[in-house]
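Proteins come first, then strands; the chains are lettered A, B, ... in the order of their sequence lines, and each starts at number 1. If you're wondering where the values come from, they're calculated on a predicted model, not measured in any experiment.
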2 protein chains.
Amino acid sequence: MKFDDAITIKDIAKALNLSTSTVSRALRGRYEISAETKKLVMEYAERMNYRPNPIALSLKEQRSKAIGVVVSEIANNFFSQAINGIESIAYNNGYHVIITQTHESKEREMVNIQHLVSRSVDGLLLSLSCETTDLSYLKQLHEKGFPIVQFDRVTNEIDTHRVTADNYMGAFQATEHLIAQGFRKIGHITSTSNLSITRERLQGYRDALEKHNMSYDAGLVKHCTHGGMIYDEVEEAVESLFQSRSKVDAIFTAGDRLTTVTLSALKNVAKKYKQVGFIGFTNTNLAELFTPPVSVIRQPAFEIGQSATELLIRMIESKRPVTEFENRVLPSSLIIRESSALIPS
Amino acid sequence: MKFDDAITIKDIAKALNLSTSTVSRALRGRYEISAETKKLVMEYAERMNYRPNPIALSLKEQRSKAIGVVVSEIANNFFSQAINGIESIAYNNGYHVIITQTHESKEREMVNIQHLVSRSVDGLLLSLSCETTDLSYLKQLHEKGFPIVQFDRVTNEIDTHRVTADNYMGAFQATEHLIAQGFRKIGHITSTSNLSITRERLQGYRDALEKHNMSYDAGLVKHCTHGGMIYDEVEEAVESLFQSRSKVDAIFTAGDRLTTVTLSALKNVAKKYKQVGFIGFTNTNLAELFTPPVSVIRQPAFEIGQSATELLIRMIESKRPVTEFENRVLPSSLIIRESSALIPS
DNA sequence: TTGTATGCGTTATCAA
DNA sequence: TTGATAACGCATACAA
């Protein structure tokens, strides 16, 4: 059924007693067409509000002027902000954006990518899911020259452009900040070490401790394999950090979700303790609602989205295959609030 | 360029020395084809990992097995949860979801809708933007029989299926709750009255006041035209509610964003006051981070998404045009926390 | 039971 | 300068 009253080139041709090819050429302003015919066609098209059918174009050109985005969750401020950045650039370049979520499932990830590719997206913006292990399909795609840009959660196993936040430096500064505040036993709640971001942040944390001659204790690092999707997992982590053997006086959290949920858990668990230092990676404005407001590390999500999209579109539109891949690292920013000490009610 | 090594029906036909139509029919399990040929084709297709090209199908069938979603912002918990609901149903029915954002701009809204339609989405899930005024295009589309389901922010000017939260009852109960807590002067921060949700909530608020013999004062209702997108607007609203002439002792906020931002503003502004009652519509878990946690009205976002999608798919797949439209109203739930009183630090 | 031809909307190639 | 035709991948009416 056609609900779209969109007229086609054929309709124009018929109405004007021309051939479809003439109309097509006139519309695209080709030099072979007489100014007269051109004007005729253009005006008629304008008047009838002609729009080329994108589907037909996709079929013909084997491209769609659309880019696919694969993220774990859009209900995550980092990603929704990144998507806004992606859209802003894509939009300005005449590209359409198709967003898909993996919900951290590798099957979902695979299905989404395949679907996007078969839908002829011209390129892919990819932030890997926690689970991802088998990258062979992606690798193949990339080797065939399919434009892919990784952002945020990246892997070195596929050599593409990469755009990330400076997770290392963010974590380093965050940890130093807690140390400067006088906290001596800093716990770290993070997600699976599968993820690049997890490893980078952990390294920043370790190096900061080392710089200040504080020993690294693996027992103080809690990996939540579901990245904060499951509350109980986080609460358990928080609780274990407060157990006698390894009682921390401060906590540093790694992700948007993890930060949110840890703060919630702290409300319940930390009551028993006088003061808990806190800092976390987050792009929500949650933390300022705390009493007193806590410090956070904010990531340049919007800019990451923009940057990744620029690179992708450049790849798509360049004639020759790209061989040199960029690694853009955008600075995270430390936001220091009144106090990083949480005073339980 | 073809990066997808997807084989086509033609390839199969060639390899098996059959015609494309035979292959096509075999693949679709038509009865005319001999079991033998069917098996042959099926197996080969399976082995070569054949996938029909969705673009070609769209062009042919004038449908895409995709549904378009138009919301104002995905960086809004209500919508991201609703989208999850939408995806869950769409996915199970073999539909693909294309999400677009209007950022509350009516131009953006128009462009998105047209783009989706020209991309042959089979139906539209629509949550109107604040600004929307000219509905003629949408009306036309609907009159031509294009499947549209409105959700959350709806208008009566277009007669479609509608799925909403029970905003009226939510607001009514919220207001009653504040009254029960002893607050006597309750301010209401909401968005433009263009929006159905705004009007419903306002009515709930008014009726609750009336029931308890409290007079309604229009001066205590602040409309933020940008729905909380602009902080200053909200802060101004909060401040004016605390001015001597109309000093409120409690605030009731209308939207996800508005609630978040008002809470932030309260942190700054309300410091001067001893106690402020608070309740707001929100789907974030922000409110529990407050000290003490505040009460909220939570909307069944996920279920709204699911329900709207069910209706839409039913419309898409039904042969005869729908004439009777449903108005589904799903209950909001009041979440009472320790206290709805905010104690400034 | 299978094959041929046509069309979905567009553009490119070749011919006029 | 313009037109006829084929092609993108698929499904179907019609022929065989």
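Among C:dT11, C:dT10, C:dC8, the nucleotide with an atom closest to any side-chain atom of A:Glu61 is C:dT11. Comparing D:dC8, D:dA11, C:dG3 by their closest approach to the side chain of A:Leu59 singles out D:dC8. Nearest to the side-chain atoms of B:Thr37 among the listed nucleotides C:dT2, D:dT2, D:dC10 stands C:dT2. For B:Arg30, the listed nucleotide lying nearest its side chain is D:dT12; candidates were D:dG9, D:dT12, C:dT10. Nearest to the side-chain atoms of A:Lys10 among the listed nucleotides C:dC8, D:dG9, D:dT12 stands C:dC8.
Contact annotation: side chain of A:Arg25 to base of D:dG3, donor-acceptor pair present below 3.5 Å.
With rounding to whole Å, A:Arg51 atom CZ is found 12 Å from C:dT10 atom P. Straight-line distance from the CG atom of A:Asn53 to the P atom of C:dG7: 17 Å, rounded to whole Å. At whole-Å resolution of the value, CG in B:Leu57 and C1' in C:dG9 are 15 Å apart. Atom pair A:Asn17:CG and D:dT1:P shows a separation of 20 Å (rounding to whole Å applied). A:Ile12 places its CD1 atom 12 Å from the P atom of C:dG9, with the value rounded to the nearest Å. Counting to the nearest Å, the C1' atom of D:dT12 and the CD atom of B:Gln62 are 15 Å from each other. Counting to the nearest Å, the P atom of C:dG9 and the NZ atom of A:Lys14 are 10 Å from each other. Taking atom CG of residue A:Leu27 and atom P of nucleotide D:dT2, one finds them 14 Å apart after rounding to whole Å.
Within the 4.0 Å cut-off from OP1 or OP2 of D:dA11, at least one side-chain nitrogen or oxygen of B:Ser24 is found. Side-chain N/O atoms of A:Arg28 include none lying less than 4.0 angstrom from OP1 or OP2 on C:dT10. Taking 4.0 angstrom as the limit, B:Ser19 places a side-chain polar atom (N or O) nearer than this to OP1 or OP2 of C:dG3. Distances shorter than 4.0 Å separate some side-chain N or O of B:Tyr50 from OP1 or OP2 on D:dC10.
At the heavy-atom level, B:Ile55 lies nowhere under 4.0 Å from the strands shown. Looking at heavy-atom distances under 4.0 Å, B:Ser34 makes contact with sugar-phosphate atoms alone, never a base. Residue-level contact check: B:Ile9 touches the backbone only, with heavy atoms under 4.0 Å from sugar-phosphate atoms and none from bases.
For the pair A:Ile67/A:Leu124, no side-chain contact is recorded, criterion being any heavy-atom separation below 4.5 Å from C-beta on.
With rounding to the nearest 0.5 Å, the separation of CD1 in B:Ile158 from CG in B:Leu126 is 7.0 Å. One distance of note links NE2 of A:His142 with OH of A:Tyr137; it measures 14.0 Å at 0.5 Å rounding.
In terms of position along DNA chain C, the nucleotide closest to B:Ile33 lies nearer the 5' end than the nucleotide closest to the other residue of the pair A:Pro52 and B:Ile33. For the pair A:Ser21 and A:Glu32, both in contact range of DNA chain D, the more 5′-proximal nearest nucleotide belongs to A:Glu32.
For the pair B:Glu32 and B:Lys38, the salt-bridge criterion is not met [side-chain N within less than 4.0 Å of a carboxylate O]. Using a cut-off of 4.0 Å between Lys/Arg side-chain N and Asp/Glu carboxylate O, A:Glu104 and A:Arg153 are scored as salt-bridged.
Under a cutoff of 6.0 Å and an axis angle of 45°, B:Arg25 and B:Tyr31 do not form a cation-pi pair.
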